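Small disclaimer: the values here were computed from a predicted structure and weren't measured.
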Amino acid sequence: MKKNGNDGTKALVLLSGGQDSTTCLFWAKKKFGHVETLSFDYGQRHRIELKSAKKIARLAGAGNTAIKIKEFEALKHNALLDKKINLKGRDSVNKKLPASFVPGRNILFLTVAAAFAYTRGIKDIVIGVSQVDYSGYPDCRAEFIRAMEKTLNLGMECPVKIHTPLIKLDKKQTVQLAIKLGAMEMMAFTHTCYEGKKPGCGRCPACVLRKKGFDEAGVKDPAVEGN
Ligand code: ZN
């Protein structure tokens, strides 16, 4: 693949409306000629994420499709889908994982994304997972992504490639990449907070991790009012 090629190839970016997926969108826009985005309405705590994704995609000149996956709502086992569960706690089944772990989420997201990409003749999928600051989610590890890529290739008889530009980056490096890609202005519209607050609550695990990244990179977060 050519660097900054805009070589006519197409890519599909999984866009949650957060900082990481927005950085991936800008990364993809530099790499590919045509970029589409896909967002998932899976019953997450706050609709604001989906609104942010739509707005960011529009401003970046990329199409956005939101797909409903309601099956997760029936789980009611984790803090992202059930407001009664403490976000700072541990997973009720596997204490090594945080309470925000949604089992099978990226497996299902990547499967649906690959099926969507297949119908549009897209062979490159971009997802903003990191195995450095990944909150302990097993479906953010490189090992999982490679296995998933192989599974999708075998199951769909189509050479899908899953790109993970943030996989080896910590939050500081992700902010630095966003600066390099010219994505910082767009960061004002990204949404990270698990509490659905805008600007973020500053206390939930997602806000704390985001603040750490901006602080360590030595830049102000455009999404935080008063900066
Ligand atoms: Zn927060």
Side-chain angles (χ1 to χ4, degrees), residues 1-2 5-44 49-50 52-54 56-58 60-75 78 80-81 100-132 134-135 137-169 174 177 181:
M1 192 190 305
K2 283 183 266 176
N6 279 354
D7 55 2
T9 52
K10 295 192 265 184
L12 181 68
V13 178
L14 272 66
L15 188 66
S16 70
Q19 172 194 353
D20 292 348
S21 62
T22 300
T23 303
C24 284
L25 170 58
F26 276 72
W27 179 87
K29 280 178 69 71
K30 284 250 196 287
K31 288 266 182 195
F32 300 95
H34 177 80
V35 177
E36 287 190 42
T37 67
L38 191 64
S39 304
F40 293 106
D41 176 358
Y42 62 99
Q44 58 268 58
E49 283 183 23
L50 293 164
S52 296
K54 204 158 257 328
I56 289 161
R58 181 171 50 78
N64 177 253
T65 303
I67 288 184
K68 282 186 182 167
I69 299 178
K70 292 296 187 186
E71 285 67 24
F72 282 129
E73 287 183 62
L75 299 180
N78 63 82
L80 284 198
L81 302 178
S100 53
F101 176 59
V102 182
R105 182 170 52 173
N106 282 347
I107 296 174
L108 191 53
F109 282 5
L110 283 167
T111 303
V112 174
F116 181 86
Y118 180 96
T119 64
R120 280 166 170 68
I122 299 173
K123 295 186 174 65
D124 292 276
I125 294 171
V126 187
I127 183 167
V129 293
S130 164
Q131 62 178 17
V132 183
Y134 69 119
S135 306
Y137 299 148
D139 55 358
C140 288
R141 293 179 293 194
E143 190 183 4
F144 158 72
I145 296 292
R146 295 285 76 85
M148 197 65 203
E149 187 177 80
K150 189 172 183 187
T151 299
L152 293 168
N153 275 277
L154 287 170
M156 301 202 323
E157 197 69 43
C158 186
V160 175
K161 180 153 179 55
I162 303 174
H163 300 267
T164 53
L166 313 183
I167 195 86
K168 289 180 180 162
L169 306 187
T174 301
L177 177 63
L181 293 168

task: Sequence neighbours left out, what passes side chain to side chain donor-acceptor pair (under 3.5 Å) with T37? Give chain and number order.
output: N64
With K150 via side-chain contact (heavy atoms from CB on, under 4.5 Å) - residues at least two apart: L154
task: Provide the closest heavy-atom pair for M156 versus A114 in the form atom of the first, atom of the second, distance.
output: CE-O, 3.4 Å
task: Look up atom CG in L38 and atom CG in L14, then write down how far apart they are to the nearest 0.5 Å.
output: 5.5 Å
message: Among K10, K29, R120, which residue satisfies the salt bridge (Lys or Arg N to Asp or Glu O under 4.0 Å) criterion with E36?
response: R120
message: Working to the nearest 0.5 angstrom, can you tell me the gap between F40 CZ and T65 OG1?
response: 10.0 Å
- prompt: How far apart are the closest heavy atoms of S16 and S21, and which atoms are they?
  reply: N-OG, 3.0 Å
query: Is atom NZ of K68 surrounded by more than 12 heavy atoms (other residues, nucleotides or ligands) closer than 6.0 Å?
result: no
message: Which heavy atom of F144 sits nearest to which heavy atom of P138, and what is that distance?
response: CB-O, 3.8 Å
message: To the closest 0.5 Å, what do you measure between CG (L110) and CD1 (I145)?
response: 5.5 Å
field: Shortest non-hydrogen contact between S52 and G17, atoms and distance
entry: CB-O, 3.8 Å
Distance (rounded to the nearest 0.5 Å) between I56 CD1 and Q19 CD: 10.5 Å
field: Reference residue L166; test side-chain contact (heavy atoms from CB on, under 4.5 Å); the match among L177, V129, V132, V126
entry: L177
N106/C140 under side-chain contact (heavy atoms from CB on, under 4.5 Å): CA gap, chis, key distance, verdict: CA-CA 8 Å; N106 282 347; C140 288; 3.9 Å; yes
- line: Of all heavy-atom pairs linking L15 and A53, the shortest is CD2-O, 3.3 Å
Gap separating the CZ atom of F116 from the OG1 atom of T111, nearest 0.5 angstrom: 15.0 Å
- prompt: If you measure from CG on L108 to CD on E71, what distance do you get to the nearest 0.5 Å?
  reply: 7.5 Å
- prompt: So V35 and V13, side-chain contact (heavy atoms from CB on, under 4.5 Å) or not? Walk me through it.
  reply: CA-CA 7 Å; V35 177; V13 178; 3.7 Å; yes
field: Short side-chain to backbone donor-acceptor contact, N153 and V160, under 3.5 Å
entry: yes
Heavy-atom side-chain proximity of F109 to I127 below 4.5 angstrom: no
- request: Report the relative orientation of the aromatic rings in H163 and F32; use parallel for angles under 30°, tilted for 30 to 60°, perpendicular for over 60°.
  value: perpendicular
task: Is it possible for you to check whether R105 lies under 6.0 Å from the centre of the six-membered ring of Y137, through NZ or CZ, and within 45° of that ring's axis?
output: yes
field: Y118 atom OH, neighbour heavy-atom count above 12 within 6.0 Å
entry: no
task: Could you please spell out the steps behind the salt bridge (Lys or Arg N to Asp or Glu O under 4.0 Å) verdict for K70 and D41?
output: CA-CA 7 Å; K70 292 296 187 186; D41 176 358; 3.5 Å; yes
- prompt: Which atom names give the shortest non-hydrogen contact between L181 and K30, and what distance separates them?
  reply: O-NZ, 3.8 Å
query: Are the side chain of E149 and the backbone N or O of K161 linked by a donor-acceptor pair below 3.5 Å?
result: no
